[in-house]
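Note that the structure is predicted; figures quoted are calculated from it, not measured. Residue numbers begin at 1 in each chain, while the letters A, B, ... track the order of the sequences.
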Amino acid sequence: MRLSRKHSMTRRDEFLRVRRNGRAKAGRFVVLSTLEDPDLDRLMVGIITTRKIGKAHDRNRIRRRIRAIISRHGDALVDSHRFLVTIPRHGCAGASYAELEKDWLKQARRLALLPKPGDP
RNA sequence: GCCGCUCCCCGGGCGAUCGCUGUCGGGUUCUUCGGAAUCCGGCAGAGGAAAGUCCGGACACCACAGGGCAGCGUGCCUCGUGAAAACGGGGGACGGGUCUCCGCGAGGAGCCCGGACGGAAAGUGCAGCAGAAAACAAACCGCUUGCUGGAACCAGGGUGAAACGGGCUUGCCCGCCGAAGCCUUGGCGAAGGCGGGUAAGGGUGAAAAGGUGGGGUAAGAGCCCACCGCGCCGAAGGCAACGACGGUGGCACGGCAAACCCCGCGCGGUGCAAGACAGAACAGGGGAAGGGUCGCCCGCCCGUUGAAUCCCCGGGUAUUAGUCGCAUAGAGAAAUGAUCGCCCACUUCCGGCAAAGGCUGGUGGGGACAGAAUCCGGCUUACAGGGGAGCGGCCACC
């Protein structure tokens with residue numbers, strides 16, 4: 001899917017709603033949380049990169065990789081009327097794109113956002 | 001050719017597919033005609049440090065940006081570049097050097113290297129540990145000397161056993177020799193004790209009241225002398241910092257100002273979240289006069305000076321990805337990414353060639369530090385690898 005600026009979560013209260021009412025799963029590299037909202041007309045995406053992850057250069061690269069993952073797999077999501085927040089964890093700076101993608105997909109399946117590999 | 005130092009430059013390249021931000025052009029749908037949603041195409045899209053936010057500006061506001069104090073910055077001289085900070089060239093003084101030359105030596109001269117390099121003869125302060133003693137310094141060892149002390153030794157005298165000789169009363173007397181020990185006189189006087197001299201030597205230290213050589217002395221000492229070094233005074237010369245050279249003093253009330261401080265010079269404060277404009281609900285605001293009260297000028301004081309009160313008049317703020325500030329990247333918590341192929345550095349291992357630097361085949365690894373947030377100019381810090389120039393050293397060949 002195309003992931004333009006209109007899909008970005010920017011407001012603090014949106015992040016707070018997801019944190020309070022949504023569901024979350026933590027993996028090796030990322031924490032993925034989500035909240036369904038039928039009022040939304042599109043998928044809303046948020047990525048939280050804190051100073052703990054690394055310096056500005058590393059945080060930028062991780063954010064871009066996660067956006068690349070979401071743009072590649074976003075069309076396969078079960079229901080696109082939802083918030084989707086990804087929080088990179090501590091060891092992210094050393095991880096490759098493939099490792100990040102594998103971990104992100106695993107958490108997405110645990111949240112039942114994607115169909116099981118065997119299902120059609 | 002290799003190695004080292006200094007300075008400068010680059011800091012991966014090309015292509016394909018799918019995306020992102022801005023902008024320009026075009027299409028479709030919806031529309032309250034302001035626009036909104038969506039699609040296609042063109043163009044542009046991180047750095048030498050974008051970093052730290054340490055300096056200097058531009059720009060903006062604080063009423064004016066004026067004086068003083070405080071505070072901050074800066075600091076040899078000269079020339080150049082620059083708006084300023086700052087940077088560069090040359091020179092000087094100081095410090096260092098495994099270098100070269102001169103000298104017996106202390107040292108001197110040259111060459112090379114270094115950088116916050118005004119003032120310690122205004123005041124205050126600081127100096128751990130070690131060491132006997134460390135700032136108007138000090139006697140631990142050692143050396144030396146006076147007094148005391150008397151070991152050991154030597155000499156004289158006295159006493160004096162045995163042996164020997166003689167006498168006889170046969171176990172006593174006399175004589176001779178005169179040992180050791182003891183007593184005594186004298187000599188030489190060790191250790192120890194008390195006191196004085198001494199900074200040459202040892203030891204401690206970053207540093208111990210200048211150094212080398214000689215005289216001198218009880219031993220020593222700038223105590224004296226020569227030379228070296230140093231301080232002070234004068235001074236040829238030089239734009240200047242400085243100072244050739246001369247005189248003089250037996251020689252330091254030394255070090256630290258990147259401790260406070262003093263002196264010269266510079267600096268008003270806050271920073272694009274500066275600030276300007278547009279504009280519904282809600283309620284407040286602006287202008288003029290006056291100089292008692294309060295306050296602003298973002299450390300304090302002073303000076304010029306403003307506002308509430310009173311009179312008159314009609315307009316101001318939250319918020320909105322608003323517009324401008326604002327850029328041939330960009331103003332929204334902020335876009336330059338993902339995947340793949342080929343190549344280029346660099347590199348692991350296994351071979352081949354070559355006298356050697358090296359050349360070459362295969363194979364695997366593999367791209368440092370790091371992401372613009374108003375914009376420039378500096379400084380500092382981080383950084384794989386590569387290239388160039390200059391200088392120095394070594395090796396080979398001609």
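Between A/Arg64 and A/Tyr97, the residue anchored closer to the 5' end of RNA chain B is A/Arg64, taking for each the nucleotide with the nearest heavy atom.
Atom pair A/Ile48:CD1 and B/A334:P shows a separation of 12 Å (rounding to whole Å applied). A/His57 places its NE2 atom 15 Å from the C1' atom of B/A335, with the value rounded to the nearest Å. As rounded to whole Å, 6 Å separates atom P of B/A335 from atom CG of A/Asn60. With rounding to whole Å, A/Arg63 atom CZ is found 16 Å from B/A338 atom C1'. Here B/G19 presents its C1' atom at 16 Å from CD1 of A/Ile66, a figure rounded to the nearest Å. Between the CD1 atom of A/Ile47 and the C1' atom of B/A333 there is a distance of 13 Å, rounded to whole Å.
In this structure, A/Arg82 contributes its side chain and A/Met44 its backbone to no donor-acceptor pair below 3.5 Å.
Atom C1' of B/G249 sits at a distance of 15 Å from the matching atom of B/G210, rounded to the whole Å. When the P atom is compared between B/A179 and B/C168, the two are found 31 Å apart, to the nearest whole Å. Annotation: B/G71 and B/C298 have their C1' atoms spaced 15 Å apart (nearest Å). The same atom, C1', is picked in B/G255 and in B/G68; the two are 38 Å apart, to the nearest Å. Spacing of C1' atoms, B/G392 relative to B/U248, comes out at 48 Å, to the nearest Å. Between B/G378 and B/A389, the distance separating the two P atoms is 27 Å to the nearest Å. Remark: the separation of the P atoms in B/C297 and B/G275 is 13 Å, to the nearest Å. B/G246 and B/A236: their C1' atoms are spaced 11 Å apart (whole Å).
Nucleotide B/C2 forms a Watson-Crick or G-U wobble pair with B/G393, both donor-acceptor distances falling under 3.5 Å. Base pairing annotation: B/U293 forms a Watson-Crick or G-U wobble pair with B/A307, both donor-acceptor distances under 3.5 Å. Nucleotide B/G45 forms a Watson-Crick or G-U wobble pair with B/C20, both donor-acceptor distances falling under 3.5 Å. Here B/C94 sits opposite B/G114 as a Watson-Crick or G-U wobble pair (both hydrogen-bonding atom distances under 3.5 Å). Across all strands shown, B/C59 pairs with B/G271; the Watson-Crick or G-U wobble distances both stay below 3.5 Å. With a cut-off of 3.5 Å on both Watson-Crick or G-U wobble distances, the partner of B/G195 is given as B/U145. Using Watson-Crick or G-U wobble geometry with both donor-acceptor distances under 3.5 Å, B/C126 finds its partner in B/G255. Figure legend. B/C177 is base-paired to no nucleotide; pairs are counted as Watson-Crick or G-U wobble with both atom distances under 3.5 Å.
Scored by the side-chain contact (heavy atoms from CB on, under 4.5 Å) test, A/Arg63 finds A/Ile47, A/Thr49, A/Arg59, A/Asn60 as partners (sequence neighbours excluded).
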**Study point:** Working for side-chain contact (heavy atoms from CB on, under 4.5 Å), residues A/Arg23 and A/Glu36
**Key:** CA-CA 10 Å; A/Arg23 296 173 294 123; A/Glu36 293 80 4; 3.1 Å; yes
Review point. Going through the checks in order, is the side-chain contact (heavy atoms from CB on, under 4.5 Å) test met by A/Val31 and A/Thr86?
Key: CA-CA 6 Å; A/Val31 177; A/Thr86 306; over 6 Å; no
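Using a 90° window around 0 for the glycosidic torsion, B/G156 falls outside it and is classed as anti. Taking the O4'-C1'-N9-C4 or O4'-C1'-N1-C2 dihedral as appropriate, B/A236 has a value more than 90° from 0 and is therefore anti. Its glycosidic angle being more than 90° from 0, B/G306 falls on the anti side. Base orientation of B/A327: syn (glycosidic angle within 90° of 0). Taking the O4'-C1'-N9-C4 or O4'-C1'-N1-C2 dihedral as appropriate, B/A16 has a value more than 90° from 0 and is therefore anti.
When the side-chain nitrogen and oxygen atoms of A/Arg72 are compared with OP1 and OP2 of B/G19, none of them lie within a distance under 4.0 Å. The phosphate of B/U336 has OP1 or OP2 within less than 4.0 Å of a side-chain N or O from A/Arg67. Between A/Arg61 and B/U336, a side-chain N or O to OP1/OP2 separation shorter than 4.0 Å is absent.
No more than 12 heavy atoms of other residues, nucleotides or ligands lie within 6.0 Å of CZ in A/Arg28, so this atom counts as exposed by the packing criterion.
Side-chain N/O atoms of A/Arg59 and base N/O atoms of B/A333 include no donor-acceptor pair closer than 3.5 Å.
Between A/Pro88 and A/Ile66, the shortest heavy-atom contact is CG-CD1, 3.7 Å. Taking each heavy atom of A/Phe83 and A/Thr34 in turn, the nearest pair found is O-OG1, 2.7 Å.
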